[in-house]
Amino acid sequence: MWSRLPLPSACWRPAWPMRWGGSVYFDVAKYNKEHHYGKLSGRNIEELIANTRELEGQEEKRNAADFALWKKAQPEHLMRWPSPWGPGFPGWHLECTVMSTKYLGEQFDIHGGGMDLKFPHHECEIAQSVGDCGKEPAKYWLHTNMVTLNGQKMSKSLGNSILPSEFISGSHPLLDQAYSPMVLRFFMLQSHYASTLDISIEALQAAKRGYLKLMNGLRVLRNLDYQPQEGVSVNEKGAQQVAGLCDNCYRSMNDDFNTAQTIGHLFNLVKKINALQTGQLSTAELGEQTFTRMKETVLLFTEEVLGLREEAHLKPENLLDALLDLYRQAKEAKDYERVDQIRAHLRKSGVVVKDMKQGIDWAYEE
RNA sequence: GGUCUCGUGGCCGAGUGGCUAGGCAGAGCUCUGCAAAAGCUCGUACAGCGGUUCGAAUCCGCUCGAGACCUCCA
């Protein structure tokens, strides 16, 4: 991969790197004379150096805050590429900088990552980019907080770490069932990205039901259309309330991606949608403009902005079994009109019913 | 030890000085052949102590508790 990327020689100006043996380090102290190393995580270099302990393998650095740009490959090292300093491999921070520069340019809009990467990794990325081209790599940094499990940090040593794939399959002793990707997404969006999120069975179950409630609302909404009614005028207060909820969706997302609050507003709108379905509220009371706006807003925020979509939960086999059961009953009752009806319905899905001596089965229509 | 974050009702989780967050669970009501769904109503929460203020979950201080980073590897 590295052979296809612009290699460091083009990337580094001689201002801050310093060479040592076959490795190259970034001189943080020197950089800090002109720029603030630590601006992202609110640190200053004096404290960093004062608080650092002596560790092995750091003899090559001028001081502990320096970081490797290019590391000399030891003979047994598998990763190795040629460079002006001999065979080696890029430092961790440089990998990211070179890749993002190649694919996103010298400066891009948003750089995400867990808050554990804020220091030192992202500070180093900033220093490298500024050192190289004078620009900070990202306009905005978006740091997500950590996830805990039953109030404890997930870690391998505690034996409480669960892989994403294990959530989805449900194959983990700490899980009571499988949780689909959309349920997990909903679960995470219910908290702010910068807050810690605690995973527990109770919380996951609650999220699953909440997600299904939202999806049911969406399904109802898709089938709703504006119906004018004679003698029914727009309820201004109610319409304003709905319009306000639509505004709030935008407002909360614009407020540092407050997805939790946005979901809250969406649920308030789902209440209105359900009331419309059961006739406790009419679209005429809402007014065409407000109704249309509500429909567009809810679909936009749920599906496009939050990325929450309906997952197919229905098992076609079960539905087919149910229909064949009705078919069998109709046949026994000699209700041939109904029998033909069921056959016609199934044929629409490419399924033909097979009446055999041994019983009833089905096949794909050929 | 240093720097920083957090502690909200049974559970999860928004909210940063006065205005209903929301979801799940629970109770009651309406609707209903039964059941479900849905709607309405309810619990009056902000770790503890003290302070600032007309007023604090929200600001300040202290205490207790939880967590992150401060070093390597990625």
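A, B, ... follow the sequence lines: proteins, then strands. Residue 1 opens every chain. Just so it is clear, the values below take in all heavy atoms, side chains as well, and ignore hydrogens, waters and symmetry mates. Quantities reported herein were computed from a predicted structural model and do not represent experimental measurements.
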Handout entry: Sole residue of A/Thr144, A/Asn145, A/Thr259, A/Asp256 in side-chain hydrogen bond (donor to acceptor under 3.5 Å, both in side chains) with A/Tyr193
Key = A/Asp256
Completion exercise
A/Leu117 has its side chain closest, among B/A74, B/C12, B/C24, to B/A74
Problem - Check: A/Glu285 side chain, A/Gly238 main-chain N or O, donor-acceptor pair, under 3.5 Å - result: no
Handout entry: For atom CG of A/Leu276 and atom C1' of B/A37, their distance in whole Å
Key = 16 Å
Fill in the blank from the handout: Taken to the nearest whole Å, CG/A/Leu281 to P/B/C40 is 10 Å
Handout entry: Phosphate OP1/OP2 of B/C73 contacted by A/Lys71 side-chain N/O (<4.0 Å)
Key = yes
Problem - Under 3.5 Å on both distances, the Watson-Crick or G-U partner of B/A57 - result: none
Completion exercise
Side-chain contact check for A/Met146: nearest option of B/A38, B/A68, B/G22 is B/A68
Practice task
Can you tell me, in whole Å, how much space there is between the C1' of B/G13 and that of B/U71?
Solution key: 35 Å
Practice task
Please determine if a side-chain N or O atom of A/Asn258 lies less than 4.0 Å away from the OP1 or OP2 oxygen of B/A14.
Solution key: no
Handout entry: Centroid-centroid under 6.0 Å between A/Phe26 and A/Phe67 rings
Key = yes
Exercise for the section: May I ask which nucleotide in the shown strands pairs with B/C62, Watson-Crick or G-U wobble, both distances under 3.5 Å? Expected result: B/G48
Problem - Phosphate OP1/OP2 of B/A14 contacted by A/Ser195 side-chain N/O (<4.0 Å) - result: yes
Practice task
Using the P atom on both, measure B/A25 against B/G17 and round to a whole Å.
Solution key: 33 Å
Exercise for the section: For B/C11, give its Watson-Crick or G-U wobble partner with both distances under 3.5 Å, or none. Expected result: B/G23
Handout entry: A/Lys213 NZ - B/A36 C1' separation (whole Å)
Key = 14 Å
Problem - Rounded distance in Å - OH (A/Tyr193) to P (B/U5) - result: 15 Å
Exercise for the section: Could you please name the partner base of B/C70, counting Watson-Crick and G-U wobble pairs only when both distances are under 3.5 Å? Expected result: B/G1
Practice task
Pick the P atom in B/G7 and in B/A57, then give their distance to the nearest Å.
Solution key: 14 Å
Exercise for the section: Identify whether any heavy atom of A/Asp198 sits under 4.0 Å from a base atom; if not, whether one sits that close to sugar-phosphate; answer base, sugar-phosphate or nothing. Expected result: sugar-phosphate
Completion exercise
On RNA chain B, more 5' by nearest nucleotide between A/Ala194 and A/His265 is A/Ala194
Problem - Nearest-0.5 Å distance, NE2 of residue A/His345 to CG of residue A/Leu323 - result: 8.5 Å
Practice task
Could you check whether A/His121 gets within reach of a base, just the sugar-phosphate, or nothing at all, counting any heavy atom under 4.0 Å?
Solution key: nothing
Problem - Residue A/Met115, side-chain atoms from C-beta onward, closest of B/A68, B/A38, B/C40 - result: B/A68
Problem - Distance, P atom - from B/U30 to B/G51, rounded to whole angstrom - result: 50 Å
Exercise for the section: Return the nearest nucleotide to the side chain of A/Pro120; candidates are B/C70, B/G23, B/C12. Expected result: B/C70
Practice task
Describe the nucleic acid contact of A/Asn268 in one word from base, sugar-phosphate, nothing, applying a heavy-atom distance below 4.0 Å.
Solution key: sugar-phosphate
Problem - Any A/Lys208 side-chain N or O less than 4.0 Å from OP1/OP2 of B/C24 - result: no
Completion exercise
Closest to the side chain of A/Glu202, out of B/A38, B/G13, B/C11, is B/C11
Exercise for the section: Give the nucleotide from the list B/G39, B/G13, B/A74 with an atom nearest to the side chain of A/Glu95. Expected result: B/A74
Practice task
Check A/Val234 against A/Gly287 and note the closest heavy-atom contact, atom names and distance.
Solution key: CG2-CA, 3.7 Å
Fill in the blank from the handout: Testing B/C24, B/A38, B/A14 for proximity to the side chain of A/Thr278, the answer is B/A38
Problem - C1' spacing across the pair B/A66 / B/U32, given as an integer number of angstrom - result: 49 Å
Exercise for the section: Rounded to the nearest angstrom, tell me the gap between atom CZ in A/Phe187 and atom P in B/C11. Expected result: 15 Å
Practice task
Using whole Å, report how far CG of A/Leu212 lies from C1' of B/A36.
Solution key: 15 Å
Handout entry: Distance, C1' atom - from B/A21 to B/A45, rounded to whole angstrom
Key = 13 Å
Handout entry: Residue pairs passing the side-chain hydrogen bond (donor to acceptor under 3.5 Å, both in side chains) test where at least one lies in residues 233-245 of chain A, sequence neighbours excluded
Key = A/Gln241-A/Lys272
Problem - Inter-nucleotide P distance (B/U16, B/A74), Å rounded - result: 40 Å
Practice task
Could you give the distance separating B/G67 and B/C19 at their P atoms, to the nearest angstrom?
Solution key: 34 Å
Fill in the blank from the handout: The nucleotide from B/C24, B/A38, B/A14 with an atom nearest the side chain of A/Ala206 is B/C24
Exercise for the section: Would you indicate, yes or no, if B/G23 has its OP1 or OP2 atom less than 4.0 angstrom from a side-chain nitrogen or oxygen of A/Arg209? Expected result: no
Completion exercise
Separation of B/C4 atom P from A/Leu40 atom CG, nearest Å, is 15 Å
Exercise for the section: Taking atom types as modelled, find out whether A/Thr278 and A/Gln280 have a side-chain donor-acceptor pair closer than 3.5 angstrom. Expected result: yes
Practice task
Quickly work out the A/Glu125 CD to B/A74 P distance and round it to whole Å.
Solution key: 14 Å
Practice task
Decide whether A/Arg251 and A/Asn254 meet the rule of one side-chain donor and one side-chain acceptor closer than 3.5 Å.
Solution key: no
Fill in the blank from the handout: Paired to B/G39 by Watson-Crick or G-U wobble criteria (both distances under 3.5 Å) is B/C29
Exercise for the section: Measure from the side chain of A/Gln261, starting at C-beta and using heavy atoms only, and say which of B/C12, B/G22, B/G15 lies closest. Expected result: B/G15
Practice task
Select from A/Thr196 and A/Phe119 the residue whose nearest nucleotide in RNA chain B is closer to the 5' end of that strand.
Solution key: A/Thr196
